Amino acid sequence: MNLKGRDFLKLLDYTPEEIQYLVDLAAELKDKKKKGIPVDTLRGKNVALIFEKTSTRTRCSFEVAAHDLGMGTTYLEPASSQIGKKESIADTARVLASMFDGIEYRGYGQDIVEELAKYSKVPVWNGLTNEFHPTQMLADLLTIQEHFGYTKGIKLAYMGDARYNMGNSLMVTCAKMGMHFVACTTKEYFPDAELVAVCKEIASKTGGSITLTEDAMEGTKGADVVYTDVWVSMGEPDEIWEKRIKELSPYKVTMDIMQNAGENSIFLHCLPAFHDLKTKIGAQMAERFGIQDMEVTDEVFESSQSLVFEEAENRMHTIKAIMAATLQ
Ligand code: CP
Ligand code: NVA
């Protein structure tokens, strides 16, 4: 498998075999890290990390993974660079590509990261856009593979806002890997119809399936994985919280939902999560709407079925695999 020089912008651009290769490479790199075997095969290279939105996991994963591989990193945020204000994406791409061996970009529209990749002669990795979050997908696949031993045939029920980066990406991932994706939410939050059609077509060849339902119990029945994400994503206006809480509360992941899925089911969440009142926004919402949690109850989040921290750790190993495979 040779992925040298490839961009990593969305899983639609990758074959199931390439995706599986990256997941397996991540498992190998994780094993080596645990055993203390250094893999610093990219010594002397440098990567630029552009973050137009905030991040804990993705930024730390890129920095730690790059360091482990022997690379230098430069973190760029809009406030401290010319990006977008005085310099176009096309010009930024050409400048950064002349100094760095790879560029990570987290920001708004998918068109921006695609434009960056078009003008960059070095690989560009999508660290999250409004539409897709592909590096998260590899971490999720690795977590599922570690737990169940396989990914093909797994049923993944996604609750909540399925029309944004996480819903879209999980639907594409399931289609590609022969998994069964079920979006459990109201019609307004179903993924984009065009993307659903594309995914159904892919799934028909891989043995996967795509189902959209408003019935949370029917949708999560027998699911191997129950997945959710925040109800208001980065870049969306604060005013929208009230509407989302009202409309998506029936799709909160509760113990009833997990029991309906079955005792062998696991809970995943890309994080950060609103499962208690220990955050500024969580506390504000509690005060305004009298709620204790949002997309997932604390009981589920802290239960033995919840693998969210294993999943978060896997962000680093999978991002390392992406950089190693595309730069080596
Ligand atoms: N899951 C994820 O992308 O987390 P961050 O926003 O902290 O990077
Ligand atoms: N949908 C979330 C994902 C965070 C990792 C957001 O875009 O904010």
Side-chain angles (χ1 to χ4, degrees), residues 56-57 128 130-133 136-137 139-141 143-144 147 154-174 179-191 210-234 236 240-241 243-262 265-279 281-282 285 289 291-312 314-315:
T56 297
R57 276 145 293 273
L128 177 143
N130 295 346
E131 292 86 349
F132 294 111
H133 196 4
Q136 178 74 48
M137 294 306 106
D140 297 347
L141 285 172
T143 311
I144 293 167
H147 184 79
I154 288 286
K155 175 177 175 179
L156 185 149
Y158 183 87
M159 313 271 292
D161 180 10
R163 58 109 249 139
Y164 219 67
N165 41 27
M166 287 305 302
N168 287 343
S169 301
L170 285 165
M171 181 170 68
V172 171
T173 302
C174 289
M179 296 161 67
H180 305 291
F181 176 82
V182 186
C184 305
T185 187
T186 63
K187 287 201 177 71
E188 188 185 338
Y189 297 96
F190 281 170
I210 309 296
T211 309
L212 311 179
T213 178
E214 293 192 289
D215 186 332
M217 282 298 167
E218 189 193 299
T220 54
K221 187 94 208 144
D224 301 295
V225 181
V226 179
Y227 205 117
T228 192
D229 181 20
V230 290
W231 289 340
V232 177
S233 287
M234 290 182 277
E236 294 197 290
I240 208 118
W241 276 110
K243 176 175 150 68
R244 294 282 163 81
I245 289 170
K246 203 164 133 229
E247 292 172 349
L248 295 177
S249 284
Y251 301 96
K252 181 197 298 275
V253 181
T254 61
M255 268 302 175
D256 280 350
I257 292 287
M258 294 309 292
Q259 273 153 19
N260 184 53
S265 63
I266 60 168
F267 171 72
L268 295 180
H269 189 312
C270 55
L271 307 181
F274 289 112
H275 59 94
D276 59 22
L277 307 180
K278 293 178 193 157
T279 62
I281 293 176
M285 295 306 137
F289 306 109
I291 53 177
Q292 295 300 307
D293 47 42
M294 282 193 258
E295 70 272 14
V296 57
T297 64
D298 198 45
E299 195 184 7
V300 170
F301 189 88
E302 298 293 353
S303 73
S304 58
Q305 283 169 284
S306 170
L307 298 187
V308 295
F309 295 111
E310 286 83 347
E311 182 186 9
N314 284 340
R315 296 297 312 286

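Bear in mind the structure is a predicted one, so any value in this text is a computation, not a measurement.
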Quick check: does any side chain N or O of Ser306 sit under 3.5 Å from a backbone N or O of Glu302, one acting as donor and the other as acceptor? no
Quick one: are Met294 and Phe289 in side-chain contact, heavy atoms under 4.5 Å? no
Can you measure from CD1 (Ile266) to CD (Glu310) and round to the nearest 0.5 angstrom? 9.0 Å
Residues in salt bridge (charged side-chain N to carboxylate O under 4.0 Å, His left out) contact with Arg57, at least two apart in sequence or another chain: none
Restricting to non-hydrogen atoms, name the atom on Leu271 and the atom on Ala312 that form the minimum distance, rounded to 0.1 Å. CD1-CB, 4.3 Å
Checking His275 against Asp298: is there a side-chain donor and acceptor pair closer than 3.5 Å? yes
Identify the residue among Asp256, Thr213, Asp215, Asn260 that makes a side chain to side chain donor-acceptor pair (under 3.5 Å) with Thr220. Asn260
Could you walk me through whether Met285 and Ile281 pass side chain to side chain contact (heavy atoms under 4.5 Å, CB included), step by step? CA-CA 6 Å; Met285 295 306 137; Ile281 293 176; 4.0 Å; yes
Could you measure the distance from the OG1 atom of Thr228 to the CZ atom of Phe301? Nearest 0.5 Å is fine. 11.5 Å
Candidates Ile154, Leu170, Val172 - the one meeting side chain to side chain contact (heavy atoms under 4.5 Å, CB included) with Phe181: Leu170
Distance in Å, Cys184 SG paired with Leu248 CG, rounded so as to fall on 0.5 Å steps: 12.0 Å
Measure across Val230 and Pro272 and return the closest heavy-atom pair with its distance rounded to 0.1 Å. CG1-O, 3.2 Å
Begin with the C-alpha distance, continue with both residues' side-chain angles, and end with the deciding distance and a verdict on side chain to side chain contact (heavy atoms under 4.5 Å, CB included) for Gln136 and Leu128. CA-CA 8 Å; Gln136 178 74 48; Leu128 177 143; over 6 Å; no
Enter the distance from Leu141:CG to Glu311:CD here, rounded to the nearest 0.5 Å. 10.5 Å
If I compare all heavy atoms of Tyr189 with all of Glu247, which pair ends up nearest, and what's the gap? OH-OE1, 2.5 Å
Grab the two heavy atoms, one from Thr297 and one from Thr254, that are nearest each other, plus how far apart they are. CG2-CG2, 3.9 Å
Return the minimal non-hydrogen interatomic distance between Asp229 and Cys270, and the atom names on each side. OD1-SG, 3.3 Å
Please identify each residue that fulfils salt bridge (charged side-chain N to carboxylate O under 4.0 Å, His left out) with Asp224, with sequence neighbours left out. none
With a 4.5 Å heavy-atom cut-off, do Ile210 and His180 have their side chains touching? no
In terms of heavy-atom contacts, Thr185 and Phe190 come closest through O-CE2, 3.3 Å
Output for pair (Phe267 CZ, Met255 CE), nearest 0.5 Å, gives 10.5 Å
Residue pair Glu295 / His269, side-chain donor-acceptor N/O under 3.5 Å: yes
Just verifying a value: how many Å separate Thr186 OG1 and Asp161 CG, rounded to the nearest 0.5 Å? 9.0 Å
Chi angles and distances behind the salt bridge (Lys or Arg N to Asp or Glu O under 4.0 Å) call for Glu236, Arg163: CA-CA 13 Å; Glu236 294 197 290; Arg163 58 109 249 139; 3.1 Å; yes
Leu156 vs Ile144, side chain to side chain contact (heavy atoms under 4.5 Å, CB included): CA-CA, chis, key distance, verdict: CA-CA 10 Å; Leu156 185 149; Ile144 293 167; 4.2 Å; yes
I would like to know whether Met258 and Val253 meet side chain to side chain contact (heavy atoms under 4.5 Å, CB included); could you show each step before the answer? CA-CA 7 Å; Met258 294 309 292; Val253 181; 3.8 Å; yes
